[in-house]
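Let me begin by presenting the structure, written as structure tokens, before commenting on it.
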Amino acid sequence: MYYIVGADNQPRGPIDAATLNQWIAEGRANGQTQTRTETGQSWQPLAYFPEFAPALTGVASPAPSDYPGAAPPQIAPG
């Protein structure tokens, strides 16, 4: 289960992976959406979660400047 920060800066969840994949497809979430697992302590961009890489394919990746202090995730060419 996951939690995300909505466009209104309010946390949403718990959300299962299938619903979150659907929200990505609908444009309600993207690689920049702040996300954490149910047991996680820190928020990270959704792009950091490899389980959502297939759903994020074709979605514009955030610019490296959107990752202060950290390198963006590397996606292997496919």
Side-chain angles (χ1 to χ4, degrees):
M1 299 298 272
Y2 301 87
Y3 289 85
I4 67 165
V5 176
D8 59 357
N9 288 325
Q10 296 299 311
R12 302 277 186 260
I15 306 161
D16 62 26
T19 300
L20 196 43
N21 277 314
Q22 180 180 348
W23 288 4
I24 293 167
E26 294 171 353
R28 295 175 61 188
N30 60 43
Q32 296 176 12
T33 300
Q34 291 296 300
T35 308
R36 72 172 177 86
T37 63
E38 193 167 33
T39 58
Q41 298 298 313
S42 63
W43 294 92
Q44 298 180 336
L46 186 58
Y48 276 81
F49 294 85
E51 58 269 41
F52 297 108
L56 292 169
T57 301
V59 175
S61 297
S65 63
D66 291 336
Y67 294 93
Q74 299 298 313
I75 300 174

Is there a side-chain contact (heavy atoms from CB on, under 4.5 Å) between F49 and Q44? Walk through the geometry before answering.
CA-CA 8 Å; F49 294 85; Q44 298 180 336; 4.2 Å; yes

Begin with the C-alpha distance, continue with both residues' side-chain angles, and end with the deciding distance and a verdict on side-chain contact (heavy atoms from CB on, under 4.5 Å) for Y3 and E38.
CA-CA 7 Å; Y3 289 85; E38 193 167 33; 4.0 Å; yes

Show your working on side-chain contact (heavy atoms from CB on, under 4.5 Å) between I4 and L20 and close with a plain yes or no.
CA-CA 9 Å; I4 67 165; L20 196 43; 3.9 Å; yes

Using side-chain contact (heavy atoms from CB on, under 4.5 Å), reason through E51 and Y2 one step at a time and then give a plain yes or no.
CA-CA 12 Å; E51 58 269 41; Y2 301 87; 2.6 Å; yes

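Shortest non-hydrogen contact noted between A55 and N21 is CB-OD1, 3.1 Å. Taking both residues in full, the closest heavy atoms of L56 and G31 are given as CD2-N, 3.6 Å, listed atom of the first, atom of the second, then distance. Shortest non-hydrogen contact noted between W43 and P11 is CH2-CB, 4.2 Å. For the pair G40 and T37, the tightest heavy-atom approach, listed with the atom from each and the gap, is N-OG1, 2.9 Å.
In this structure, the side chain of T35 engages the main chain of T33 through a donor-acceptor pair within 3.5 Å.
To the nearest 0.5 Å, atoms CZ (R12) and OG1 (T19) are separated by 14.5 Å.
Within the 4.5 Å cutoff, side-chain heavy atoms of Q34 are placed close to those of P45.
Cluster annotation: V5 is not connected to I15 through the hydrophobic network of ILVMFWY side chains, with a link wherever side-chain heavy atoms come within less than 4.5 Å.
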